[in-house]
Amino acid sequence: MATEGDHNHKHEHHHDHDHDHDSDIKSSWIGGDGKVYHSHDGLAPHSHEPIYSPGFFTRRAPPLLNRDFNERAFTIGIGGPVDDACRKTALMLALCEHLRDNYSLAAVTNDIFTKEDGEFLVKHKALPEERIRAVETGGCPHAAIREDISINLGPLEELSNLYKTDILLCESGGDNLAANFSRELADYIIYIIDVSGGDKIPRKGGPGITQADLLVINKTDLAQAVGADLAVMERDALRMRDGGPFVFAQVKHKVGVEAIVNHVLQAWEATTGKKRH
């Protein structure tokens, strides 16, 4: 996470042309990690560094070893491309339904300018309303889960302490295939896509697909209707993820959800040293 105090070699830049984005950028500087950071649209400092490779599952960033789970409980990040069918939120709901009777849960959702995903969880009684927080990121959805995660860390830590949670769920606001969670935010990362995007999606790659701890390919019941070949998606998912796990699912119909929950609890046990209830 980048803060003003972390950056040196600060350089002021002034732009005379009228490009809106450039005029919003007040300054840029080189961070301690060598990346170029800037701030605009009221966002905290972040970078837009180009990604030259989708990365590799076997070389993905591991969970942090020095995490204090008493300060913030084991956190699951749920990401995926922007969609109109509440794909990520439906998975959040399904996980809550499967885990809430045996574990203390809380959830944080991200939208850019609305609280619709949080309201969806409240409406469907995923958890008691006070255990659900909706964050409005105000721009760049990836910044809130990767570069400037403080907007999510605050409510997650508060919920964790208020309700002595075992597991926290954090849903991203949706982005492109390049979006992925920072390990400082998510101990376990699920990336969910759906078959209606076509069987080409897994091989398009991107850090979400290649480096998430678990890839979920949802809405398999639509494969025939959209002309998608599940065998091709399986082949490409295995190849792009170095054999890393993925699950075919129909989350709305509860198909594959038990397998997803099992992956989550295995990771929770391995990371926290606790045993499933």
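All values reported here derive from a predicted model rather than from experimental measurement. We're numbering straight along the sequence, starting at 1.
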Under 3.5 Å, side chain of R87 to main-chain N/O of P81, donor-acceptor pair present? yes
C96 and A126 have their tightest heavy-atom pair at CB-O, 3.5 Å
Donor-acceptor pair, N110 side chain versus E136 backbone, under 3.5 Å? no
Main-chain N/O of D166 paired with W268 side-chain donor or acceptor, under 3.5 Å: yes
Same cluster or not: are I78 and L215 linked, directly or through other Ile, Leu, Val, Met, Phe, Trp or Tyr residues, by side-chain heavy atoms under 4.5 angstrom apart? no
Taken to the nearest 0.5 Å, the spacing of C170 SG from K88 NZ works out to 11.5 Å
Side-chain heavy atoms nearer than 4.5 Å, only ILVMFWY residues, links allowed to pass through others: does that put I145 and L153 together? yes
Backbone N/O of H277 and side chain of N102: donor-acceptor pair under 3.5 Å: no
Any link between F69 and Y103 through a network of hydrophobic side chains (Ile, Leu, Val, Met, Phe, Trp, Tyr) touching at under 4.5 Å? yes
Test item: K274 side-chain N/O and T271 main-chain N/O as donor-acceptor pair under 3.5 Å: no
Would you confirm whether T165, through its side chain, and A73, through its main-chain N or O, come within 3.5 Å as a donor-acceptor pair? no
What do you reckon, is CD of Q224 surrounded by more than 12 foreign heavy atoms closer than 6.0 Å? no
Quick one: closest heavy-atom pair of F74 and V264, and the distance? CE2-O, 4.4 Å
Classify the side-chain pair E71/S160 by whether it contains a donor and acceptor separated by less than 3.5 Å. no
Whether the side chain of D213 engages the backbone of I189 through a donor-acceptor N/O pair (distance < 3.5 Å, no angle test) should be reported. yes
CD (E129) with more than 12 external heavy atoms under 6.0 Å: no
Checking N161 side chain against R72 main chain: does a donor-acceptor pair fall under 3.5 Å? no
For T109 and G118, the nearest pair of non-hydrogen atoms, with its separation, is OG1-N, 3.2 Å
Checking S104 side chain against Y163 main chain: does a donor-acceptor pair fall under 3.5 Å? yes
Is there a path of hydrophobic side-chain contacts, each under 4.5 Å between heavy atoms of I, L, V, M, F, W or Y residues, that connects L230 with I201? yes
Determine whether a donor-acceptor pair (N or O, by modelled atom type, separation under 3.5 Å) exists between the side chain of R183 and the backbone of D187. yes
Neighbour count >12 (heavy atoms, 6.0 Å) for atom CD, E116: no
Determine, using the 4.5 Å side-chain heavy-atom cutoff (strictly less than), whether L168 and F181 are members of one ILVMFWY cluster. yes
Minimum-distance pair of heavy atoms, taken over all atoms of Q250 and N218: CA-OD1, 3.5 Å
